[in-house]
Amino acid sequence: MEWPSTDMLLFLIAAGFVASFIDSVVGGGGLISVPALMLTGLPPSMVLGTNKLGGTLSSLTSTASFLASGKVSGRLVLLLFPLSFAGSALGTYAVHLVPSSFMRPLVVVMLIAVLVYTLFKKNWDGTGQQLQWTGLRRIVIGLVALVIGFYDGFFGPGTGSFLLFVFLLFGYDFVGASANAKVLNFASNVASLGAFFLLDSVHLGYGIPMGLAMIAGALVGSQLAIRKGSTYVKPLFIIVTGILIGKQLWDLAAG
């Protein structure tokens, strides 16, 4: 196994910290970590698998931090966790059967809709009033967890934004939505990482140092979100979603 040079090691540590700092709150860390890993010269499949290792460690740390803060709806995520896990496993398998690139135009449209709705939804100010959990709503959010888990395993960009947005729609404030979204993101990450390991597409020499830095970044980011609340999370969500839209439009134009 090849280990990174000192310069590359320091670069990956810095990139991993910043990526997970952002990802721990609103998702989108792959915008930083994936390009950083591409500079190592690893093949694309290995880059994605190695990034998934760091992302899994990051989401685990964020999940633990949010759980300790009491921001996670325990009973709800216990029901949704296996659905997100199963969806991601199916999505990771499906990507070997069907090219995922065809999803990019749809993702751009969906991200734009999320961004516009968030900008004009004036009462999303941190005082979310949760909806009553009827049987139908439980079925709907279960299906959503399964579908977004599938999407994360199949394609991935914007998963954190979509999950956070769904919990906002169900009446959570930005911090509560971020907390519950991160638990489901952890579930889909674990399933996808397992598949990458089976395919021998995880480089531990690059992934372990970067993953450790991502643990630190996730801890700092999630704690800051808990302390600062929606005044910090909402602007970051809008910025990262906007950058995700730009990235997907750029990839479409380049393609």
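Once rounded to the nearest 0.5 Å, the distance linking CG of Leu184 with CG of Leu76 reads 7.5 Å. Taking OH of Tyr93 as the start and CG of Leu198 as the end, the distance is 13.0 Å to the nearest 0.5 Å. We find the CD1-CG distance between Ile243 and Leu111 to be 12.0 Å, quoted to the nearest 0.5 Å. Distance CG/Leu143 to CG/Leu80: 10.5 Å, rounded to 0.5 Å. To the nearest 0.5 Å, atoms CG (Leu168) and CZ (Phe174) are separated by 4.5 Å. Once rounded to the nearest 0.5 Å, the distance linking CG of Leu252 with NZ of Lys247 reads 10.0 Å.
Partners of Ser24 under the side chain to side chain donor-acceptor pair (under 3.5 Å) rule, at least two apart in sequence or in another chain, do not exist in this structure.
Checked by atom type and distance alone, the side chain of Ser5 pairs as donor or acceptor with a backbone atom of Met8 at under 3.5 Å. Looking only at distances, no side-chain donor or acceptor of Asn180 sits under 3.5 Å from a matching main-chain atom of Val77. In this structure, the side chain of Ser188 engages the main chain of Asn185 through a donor-acceptor pair within 3.5 Å. Listed for the Thr40 side chain is a donor-acceptor partner under 3.5 Å among the backbone atoms of Leu37. Of the possible polar contacts, none joining the Ser58 side chain to the Gly54 backbone as a donor-acceptor pair under 3.5 Å is found. Side-chain atoms of Asp152 never come within 3.5 Å of backbone atoms of Ser88 as a donor-acceptor pair (strictly under, hydrogens ignored). Here the side chain of Ser20 pairs a donor or acceptor atom with the backbone of Ala218 at under 3.5 angstrom.
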message = Working note: Phe81 + Thr63, criterion side chain to side chain contact (heavy atoms under 4.5 Å, CB included); need CA distance, chi angles, decisive distance, verdict.
response = CA-CA 12 Å; Phe81 191 97; Thr63 294; over 6 Å; no
request  = Carefully, step by step, assess Asn189 and Thr56 under the rule side-chain hydrogen bond (donor to acceptor under 3.5 Å, both in side chains).
outcome  = CA-CA 5 Å; Asn189 278 341; Thr56 302; 4.7 Å; no
inquiry  = Applying side chain to side chain contact (heavy atoms under 4.5 Å, CB included) to Val220 and Phe17, what does each step give before you reach the verdict?
reply    = CA-CA 9 Å; Val220 174; Phe17 181 90; 4.1 Å; yes
request  = Could you walk me through whether Met214 and Asp23 pass the side chain to side chain contact (heavy atoms under 4.5 Å, CB included) test, one step at a time?
outcome  = CA-CA 9 Å; Met214 292 179 83; Asp23 196 74; 6.0 Å; no
query = What's the verdict on side chain to side chain contact (heavy atoms under 4.5 Å, CB included) for Phe237 and Val114, showing C-alpha distance, side-chain angles and the deciding distance?
reply = CA-CA 10 Å; Phe237 174 69; Val114 165; 3.7 Å; yes
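Under a hydrophobic-cluster definition in which Ile, Leu, Val, Met, Phe, Trp and Tyr are linked whenever side-chain heavy atoms come within less than 4.5 Å, directly or via other members, Leu236 and Leu224 are assigned to the same cluster. Taken together through direct or relayed side-chain contacts under 4.5 Å among Ile, Leu, Val, Met, Phe, Trp and Tyr, Val109 and Val144 form parts of separate hydrophobic clusters. Residues Leu67 and Leu163 share a single hydrophobic cluster, defined by chaining ILVMFWY side chains whose heavy atoms lie under 4.5 Å apart. Grouping the Ile, Leu, Val, Met, Phe, Trp and Tyr side chains by contacts below 4.5 angstrom, directly or via other members, places Leu119 with Val26. Each of Phe167 and Leu78 belongs to its own hydrophobic cluster when Ile, Leu, Val, Met, Phe, Trp and Tyr are linked at side-chain heavy-atom distances under 4.5 angstrom.
Contact detail for Leu83 and Leu146: the closest heavy-atom pair is O-CD1, 3.3 Å. When all heavy atoms are compared, the tightest approach of Ile32 to Ala15 is CG2-O, 3.7 Å. Shortest non-hydrogen contact noted between Ile13 and Ala213 is O-CB, 3.2 Å. Between Leu79 and Arg138, the shortest heavy-atom distance links the atoms CD1-NH1, 4.2 Å. Nearest approach of Ala177 to Tyr172, heavy atoms of both residues: N-CB, 3.8 Å. What you find for Gly211 and Leu57 is that their closest heavy atoms are CA-CD1, 3.7 Å.
Side-chain contact between Phe162 and Met110 is present, with at least one heavy-atom pair separated by less than 4.5 Å. Side-chain contact between Ile226 and Ser69: present, with at least one pair of heavy atoms (C-beta onward) separated by less than 4.5 Å. The side-chain heavy atoms of Thr61 and Phe186, taken from C-beta on, include no pair separated by under 4.5 Å. Here the side chains of Val25 and Tyr232 are in contact, with some heavy-atom distance below 4.5 Å. When side chains are defined from C-beta on, Ile141 counts as touching Phe170, because their heavy atoms get closer than 4.5 Å.
Note: Tyr206 and His203 have tilted aromatic rings, judged against thresholds of 30 and 60 degrees for the angle between ring planes.
One side chain, Asn51 or Ser33, offers a donor N or O that lies under 3.5 Å from an acceptor on the other. Checked by atom type, the side-chain pair Ser65/Ser222 shows a donor-acceptor distance below 3.5 Å.
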